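Everything numeric in this text was worked out from a predicted model, so none of it was measured. Atom set for the values below is all heavy atoms of this structure, side chains included, hydrogens, waters and symmetry mates excluded.
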Amino acid sequence: MKRMIVLLSALLIGGVAAIRAEVLSLIPRPAQVQETGGEYLFTARTGVKAPKTEAGSVELFGEWLREAYGVELKSGNGRGGLTVLSDPSADDEAYTLSVKPGGITLRGGSAGIFYGLQTLRQLVGETDGHVRVPCVEIADSPRFGYRGALLDVGRYFYSVEYVKRFIDRMARFKLNRLHWHLTDDQGWRIEIKSHPELTRVGAWRSSTQKSKDKTNQDRLPHGGFYTQEQIREVVRYAAERKVTIVPEIDLPGHTMSVLAVYPGLSCTGGPFVVPTEWGVKKDVLCAGNEDTYRFVEEVIAEVIELFPGEYINIGGDEVPKDRWSACPKCRKKIKSEKLRDEHELQSYFARRVGEFVGSKGRRIIGWDDILEGGVVPGATVLSWRDETGGIAAAKQGVGVIMCPAEYLYLDYYQSADIAQEPFSIGHLVPLEKVYSYEPYSRKLTPEQCRHIVGVQGNFWTEYIHSESLMDYMVWPRLLAVAEIAWTDREGRDYADFRTRMPRILAGLDREGILFRIPEPGGLNEAVVRDGKACVELVSPVEGAQIFYTTNGLNPTAKGTLYTGPFEVPLALGTQVKCVVRVPSGRSSAIYTVTNKKMPRQ
Ligand code: ACM
Ligand code: ZN
């Protein structure tokens with residue numbers, strides 16, 4: 001299934017827009033940036049002065065500066081160095097950053113200071129042995145308060161170390177909510193002291209489905225879980241990076257790992273095993289059985305103790321009603337609670353769990369499915385199937401986090417050329433599509449839009465079985481999520497984002513992150529001049545080399561090294577193929593465009 005790209009279809013007379021030699025490679029793009037000329041130089045004498053309350057953020061920055069550039073910040077003397085000031089009147093996440101030749105001043109709320117240091121980190125560079133920062137005046141604050149990423153550790157277990165790295169990297173781009181999807185049919189990953197069997201049994205499966213064919217099984221045991229001590233450590237680590245963890249205990253569906261332990265909490269009595277195949281299961285927690293509510297409350301009580309954030313996510317997605325319809329207990333509950341049907345039973349379930357969570361001073365988030373049986377008071381809704389749920393919720397004054405699958409399910413393919421991509425669950429969400437997402441639906445009034453509290457990219461892991469593959473799926477798409485979440489609509493422009501991305505990706509390359517190397521800019525466009533077509537490529541990663549061919553052969557290192565615009569014949573069927581080799585030596589897939597249509601002259 002090769003993507004049919006029309007080369008030369010856009011007839012552009014004249015040159016492509018000139019690209020500034022130097023761009024400030026800031027992602028997400030700050031609200032206001034002004035380059036003021038000149039630069040600040042870090043030296044062996046550079047000092048840092050900061051309030052004690054922000055010492056943690058400053059220390060993280062200092063550690064990075066030492067490791068990346070060998071610069072050791074001297075503490076205590078901010079004059080001519082870095083001065084950090086708390087601004088009690090600023091929003092917690094807002095900051096201003098002033099870089100002058102004589103010193104750097106960062107002022108903001110507590111999270112704002114952390115974010116200002118992330119911005120500063122993106123500004124630091126080294127040339128001719130000097131560690132430099134261009135002079136700028138930046139005033140910045142986020143568009144949305146909830147800027148999230150979902151990590152599904154239920155389908156595949158990810159180590160504590162990986163989860164920390166994930167948090168560290170999302171925080172660097174000013175994302176502030178980790179939606180930690182801790183339980184699913186195929187694995188229960190959180191230690192619950194009152195129910196040790198959940199992890200002793202529910203965290204393990206005997207085999208895993210490897211492709212869309214359910215019988216294609218690896219026959220290898222898989223599992224793992226986080227102890228409460230490890231979870232506390234991750235929560236602490238996240239807090240240092242201004243990331244709040246939103247734990248998800250997915251209820252009442254996606255609970256086969258529970259039913260394998262407690263078949264009595266199902267409608268049929270089981271028996272069950274932790275499934276080895278993907279897909280929505282008909283067996284769910286029985287919503288007519290009071291034991292279910294007791295169990296749920298015991299679990300949630302421990303979860304609340306571990307996670308200090310405002311939100312507890314209780315799931316609620318994909319609950320087939322088959323078992324409930326046939327279950328005498330569920331039918332009885334529908335009757336006794338005067339509910340209309342099983343959909344209202346689902347909302348009843350969410351309401352009851354929500355009331356319990358509310359009694360502990362917290363609030364629930366649920367997938368948009370929970371709205372099908374009516375509003376759940378106090379709940380915030382994740383609009384995932386599309387925007388319909390989120391729009392309906394916002395119209396009713398219910399808080400919404402937008403993550404429609406079509407734009408923000410980042411387990412989907414990044415390119416239509418799937419032969420060259422790792423096997424994925426399907427569909428297509430390339431970088432540009434992610435970037436194009438606008439959380440404020442046109443179907444909502446500005447007043448209703450106020451209920452959209454944020455946006456989130458979701459990494460489901462049915463087919464993401466390793467940390468390196470996860471990194472490939474995350475980057476660079478999470479950069480686009482970060483910008484949608486942080487930057488105002490007026491400040492967003494894909495072409496501009498692409499000019500800021502190469503330097504960021506070069507940094508990720510130096511860290512050894514195996515991100516997907518994007519197609520070079522300009523590959524799909526040709527400039528036609530004097531009857532000739534000219535292709536001008538823009539490297540997607542700073543310092544990368546591009547090798548290309550125009551004769552249909554695959555470009556390896558034997559292709560022509562791109563050094564500037566080149567001509568291609570103006571003929572149907574002409575192909576331009578290229579590979580991008582990033583500084584660490586890794587090569588991209590082969591990117592091909594084919595001229596399918598002659599331009600009108
Ligand atoms: C979901 O993707 N089932 C929320
Ligand atoms: Zn039942």
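- Of the possible polar contacts, one joining the Ser383 side chain to the Asp386 backbone as a donor-acceptor pair under 3.5 Å is found.
- Side chain of Lys164 to main chain of Val234: no donor-acceptor pair is present (N/O by atom type, distance under 3.5 Å, no hydrogens or angles).
- The shortest distance between side-chain heavy atoms of Ile425 and Tyr409 does not fall below 4.5 Å.
- Remark: of the listed residues Ser266, Pro252, Cys330, Cys330 is the sole one forming a side-chain contact (heavy atoms from CB on, under 4.5 Å) with Cys286.
- The side-chain heavy atoms of Ile190 and Ile249, taken from C-beta on, include a pair separated by under 4.5 Å.
- Interatomic distance, CD of Gln575 versus OG1 of Thr549, reported as 8.0 Å (0.5 Å rounding).
- Side chain of Ser424 to backbone of Gly426: no donor-acceptor contact under 3.5 angstrom is found.
- Side-chain contact between Thr208 and Trp278 is present, with heavy atoms from C-beta onward closer than 4.5 Å.
- Checked for salt-bridge contact, Asp185 and Lys281 miss the test: no charged N lies under 4.0 Å from a carboxylate O.
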Evaluate the side chain to side chain contact (heavy atoms under 4.5 Å, CB included) criterion for residues Val299 and Leu251: first the C-alpha distance (whole Å), next the side-chain angles of each, then the deciding distance (0.1 Å), finally the verdict.
CA-CA 11 Å; Val299 168; Leu251 305 164; over 6 Å; no
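- Side-chain contact between Leu150 and Cys403: absent, with no pair of heavy atoms (C-beta onward) separated by less than 4.5 Å.
- Checked by atom type, the side-chain pair Gln217/Thr276 shows a donor-acceptor distance below 3.5 Å.
- When each of Asp317, Asp369, Asn458 is tested with Trp384 by the rule side chain to side chain donor-acceptor pair (under 3.5 Å), just one qualifies, namely Asp369.
- Using the six-membered ring where Trp is involved, Phe295 and Trp188 have ring planes that are tilted, between 30° and 60° apart.
- Aromatic ring pairs are classed by plane angle as parallel below 30°, tilted from 30° to 60° and perpendicular above 60°; the pair Phe166 and Phe459 is perpendicular.
- Across all their heavy atoms, Gly253 and Val284 have their closest contact at CA-CG1, 3.7 Å.
- The backbone N or O of Ala171 sits nowhere less than 3.5 Å from a side-chain atom of Asp168 that would complete a donor-acceptor pair.
- The backbone N or O of Lys174 sits less than 3.5 Å from a side-chain atom of Arg147, completing a donor-acceptor pair.
- Judged by distance alone, the side chain of Arg362 and the main-chain N or O of Ile304 form a donor-acceptor pair under 3.5 Å.
- Remark: the backbone N or O of Tyr472 is paired with a side-chain donor or acceptor of Gln414 at under 3.5 angstrom.
- The residues Glu483 and Arg492 are annotated as not salt-bridged, no charged nitrogen and carboxylate oxygen being separated by less than 4.0 angstrom.
- Not a single donor-acceptor pair under 3.5 Å links the side chain of Thr199 to the backbone N or O of Glu191.
- Ring centroid separation for the pair Phe349 and Trp324 does not come in under the 6.0 Å cut-off.
- Heavy-atom contacts from other residues, nucleotides or ligands closer than 6.0 Å to CZ of Arg489 number more than 12.
- In this structure, Arg516 pairs ionically with Glu421, as a charged nitrogen and a carboxylate oxygen lie closer than 4.0 Å.
- Pairing each heavy atom of Asp250 with each of Gly316, the nearest pair is OD1-N, 3.3 Å.
- Using a 4.0 Å cut-off between charged nitrogen and carboxylate oxygen, Asp471 and Arg169 count as a salt-bridge pair.
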Check against side-chain hydrogen bond (donor to acceptor under 3.5 Å, both in side chains), Thr244 and Glu310
CA-CA 9 Å; Thr244 303; Glu310 177 185 17; over 6 Å; no
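- Judged by distance alone, with hydrogens and angles left aside, the side-chain atoms of Tyr158 form no donor-acceptor pair with the main-chain N or O of Asp152 at under 3.5 Å.
- To the nearest 0.5 angstrom, Lys577 atom NZ is 4.0 Å from Thr592 atom OG1.
- Residues Lys210 and His465 have side chains in contact (heavy-atom distance under 4.5 Å, counting atoms from C-beta outward).
- In this structure, Lys282 places its NZ atom where only 12 or fewer heavy-atom neighbours from other residues, nucleotides or ligands lie under 6.0 Å away.
- The minimum heavy-atom distance between Leu382 and Gln456, with the atom names listed, is CD2-NE2, 3.8 Å.
- Checking Ser211 against Asn216 by side-chain atom types alone, a donor-acceptor pair falls below 3.5 Å.
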Audit row: Val481, Val434, side chain to side chain contact (heavy atoms under 4.5 Å, CB included) steps and yes/no:
CA-CA 7 Å; Val481 175; Val434 179; 3.9 Å; yes
Go through Leu479 and Phe497 one step at a time and tell me if the side chain to side chain contact (heavy atoms under 4.5 Å, CB included) criterion holds.
CA-CA 9 Å; Leu479 298 175; Phe497 172 79; 3.9 Å; yes
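- Proximity of Arg498 to Pro518: side-chain heavy atoms (C-beta onward) are separated by under 4.5 Å at one or more points.
- The structure places CG of Asp218 at 9.0 Å from OG of Ser206, a figure rounded to the nearest 0.5 Å.
- For Trp367 and His179, the gap between ring centers is short of 6.0 Å.
- For the pair Arg143 and Tyr440, the cation sits on the ring face: its NZ or CZ lies under 6.0 Å from the ring centre, inside 45° of the axis.
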Apply side chain to side chain contact (heavy atoms under 4.5 Å, CB included) to Ile365 and Tyr146, showing your working.
CA-CA 12 Å; Ile365 294 179; Tyr146 184 116; 4.1 Å; yes
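- Between Arg385 and Thr388 the shortest side-chain heavy-atom distance does not fall below 4.5 Å.
- Between Phe157 and Tyr226, the two ring planes are tilted [angle within 30° to 60°].
- Considering every non-hydrogen atom in both Val258 and Leu265, the closest pair reads CG1-CD1, 4.4 Å.
- With ring centers used as reference points, Tyr548 lies 6.0 Å or more from Tyr591.
- Heavy-atom contacts from other residues, nucleotides or ligands closer than 6.0 Å to NZ of Lys443 number 12 or fewer.
- Between Arg165 and Glu511 no salt bridge is recorded (no basic side-chain N to carboxylate O distance below 4.0 Å).
- For the pair Gln186 (side chain) and Glu277 (backbone), a donor-acceptor distance under 3.5 Å is present.
- For the atom pair OH of Tyr435 and OH of Tyr407, the computed distance is 15.0 Å after rounding to the nearest 0.5 Å.
- Not a single side-chain hydrogen bond (donor to acceptor under 3.5 Å, both in side chains) links Arg351 to another residue, sequence neighbours left out.
- Pro439 approaches Ile452 most closely through the heavy-atom pair O-CD1, 3.3 Å.
- From Leu408, atom CG reaches atom OH of Tyr437 across 6.5 Å, with rounding to the nearest 0.5 Å.
- A cation-pi geometry, defined here as NZ or CZ lying under 6.0 Å from the six-membered ring centre and within 45° of its normal, holds between Arg205 and Tyr156.
- Separating the CG atom in Leu306 from the CD1 atom in Ile231 is a distance of 5.5 Å, to the nearest 0.5 Å.
- The shortest heavy-atom contact between Val280 and Pro320 is CG1-CG, 3.6 Å.
- Within the 4.5 Å cutoff, no side-chain heavy atoms of Leu508 are placed close to those of Val541.
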